[in-house]
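Each ligand, and each atom within it, is numbered from 1 in the order the structure gives. As a basis for the values below, the full set of heavy atoms in this structure was taken, side chains included, without hydrogen atoms, waters or symmetry mates.
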Amino acid sequence: MAELLKVEHLEKSYGDKQVLHDICFDVAEGSVVVLLGPSGSGKSTLIRCLNGLEEFQSGSIVFNGKPVQPSQKVWRRLRQEIGMVFQSYDLFPNLTVMENILLGPVKVQKRKKDEAAKQALSLLKEVGMEQYAAAYPRELSGGQKQRVAIVRALELNPKLMLFDEVTASLDPEMVRGVLEIILRLAKNNMTMIVVTHEMNFARQIADKILFLEDGNILEQTAGNQFFTKPQTIRAQKFLESMEF
Ligand code: ADP
Ligand code: MG
């Protein structure tokens with residue numbers, strides 16, 4: 001399978017503190033890579049480097065066959081192809097669900113509003129939210145807001161989706177529904193990098209696991225193998241500490 005993303009020797013520091021060391025991995029088109037590791041191991045920082053929300057000091061990123069020359073302009077363009085959903089659904093409170101979703105496609109991509117709205121409705125339908133198109137974020141539950149955030153990212157027709165602990169702040173009964181949406185995306189061959197603490201979900205969805213600690217990738221293991229036979233003692237301990 002062709003690589004959609006290739007990261008080589010990426011290093012990142014905040015001031016004097018190095019938080020990512022010699023990060024090398026690739027993501028095959030249509031595959032799912034899951035980042036696991038203890039809190040503070042660098043998962044969010046890494047994922048933020050992959051869509052220009054953080055600068056990095058050295059190393060290279062090749063996306064869709066082209067080396068990324070980091071600049072504001074390049075990242076602005078790439079963010080249309082690399083969608084991201086965070087733990088906190090950053091919807092604009094003064095805009096309706098539909099207006100939130102259409103902001104990117106109509107303002108940035110200059111798409112026709114009718115056509116973009118049609119796609120938005122169909123995506124909302126897929127996540128069971130079509131009746132909320134005219135609602136405001138404050139009228140939605142956390143799980144519903146997260147569904148809208150996912151739709152907003154998908155509306156740009158990204159080639160790669162980044163998910164950073166998107167269920168971490170949800171009530172337990174909301175978690176499953178959001179994870180199911182991501183599982184369905186995987187089934188439809190969306191290429192994704194996913195940070196999660198939901199181990200059963202990770203096991204179900206991961207083609208490859210990257211296990212991070214202190215900013216290093218300690219192991220890269222096929223998903224099915226990681227959970228039964230991790231390569232490092234550290235990963236083994238990590239799995240034991242997670243209840244699932
Ligand atoms: P994770 O997502 O795995 O919990 P993070 O990527 O958030 O880890 O953090 C990795 C390390 O970088 C931690 O030591 C954290 O304290 C540090 N860090 C994260 N963001 C910043 C920042 N904006 N400024 C300084 N240090 C940061
Ligand atoms: Mg994090």
Novice: Using a heavy-atom cut-off of under 4.0 Å, does the side chain or the backbone of T45 touch ligand 1, or both, or neither?
Specialist: both
Novice: Would you say the side-chain atoms of Q220 pair up with the backbone N or O of C24, donor to acceptor, closer than 3.5 Å?
Specialist: yes
Novice: What I want to know is whether L46 and ligand 1 share at least one N or O pair that is separated by under 3.5 angstrom.
Specialist: no
Novice: State whether F63 and K66 meet the cation-pi test: NZ (Lys) or CZ (Arg) under 6.0 Å from the six-membered ring centroid, and within 45° of the perpendicular axis.
Specialist: no
Novice: For atom 7 (O) of ligand 1, find the nearest protein heavy atom and state the residue, atom name and distance (0.1 Å precision).
Specialist: S44 CB, 3.8 Å
Novice: Could you tell me the residue and atom name of the protein heavy atom closest to atom 26 (N) of ligand 1, and the distance to it rounded to 0.1 Å?
Specialist: Y14 CD1, 3.2 Å
Novice: Which of the atoms of ligand 1 are close to P38, meaning less than 4.0 Å from one of its heavy atoms?
Specialist: 3 (O)
Novice: Under 2.8 Å from the Mg ion (ligand 2) - does any N, O or S atom of S44 fall there?
Specialist: yes
Novice: Considering non-hydrogen atoms of the protein only, which is the closest contact for atom 14 (O) of ligand 1, and what is the distance?
Specialist: K17 NZ, 2.7 Å
Novice: I'd like to check which ligand 1 atoms, numbered from 1 as shown, lie under 4.0 Å from a non-hydrogen atom of G40.
Specialist: 1 (P), 3 (O), 4 (O), 8 (O), 10 (C), 11 (C), 13 (C), 14 (O)
Novice: Among all protein heavy atoms, pick out the one at the shortest distance from atom 8 (O) of ligand 1; state its residue, atom name and that distance to 0.1 Å.
Specialist: G42 N, 3.2 Å
Novice: Considering only non-hydrogen protein atoms, determine which one is nearest to atom 3 (O) of ligand 1 and report residue, atom name and distance to 0.1 Å.
Specialist: K43 NZ, 2.8 Å
Novice: For atom 12 (O) of ligand 1, what is the nearest protein heavy atom, given as residue, atom name and distance?
Specialist: V19 CG1, 3.2 Å
Novice: Any salt bridge linking E115 with R111? Criterion: basic side-chain nitrogen under 4.0 Å from a carboxylate oxygen.
Specialist: yes
Novice: Would you check if there is a donor-acceptor pair between the side chains of T191 and E29 at a distance under 3.5 Å?
Specialist: no
Novice: Do E155 and L123 make a side-chain contact, defined as non-hydrogen atoms from C-beta onward lying under 4.5 Å apart?
Specialist: yes
Novice: Charged N to carboxylate O below 4.0 Å: is that the case for R48 and E54?
Specialist: yes
Novice: Taking D90 first and then K145, would you say they form a salt bridge - that is, a charged N and a carboxylate O separated by under 4.0 Å?
Specialist: no
Novice: Any non-hydrogen atom of G37 lying under 4.0 Å from ligand 1?
Specialist: no
Novice: Counting only heavy atoms not in Q231, do more than 12 fall under 6.0 Å of its CD?
Specialist: yes
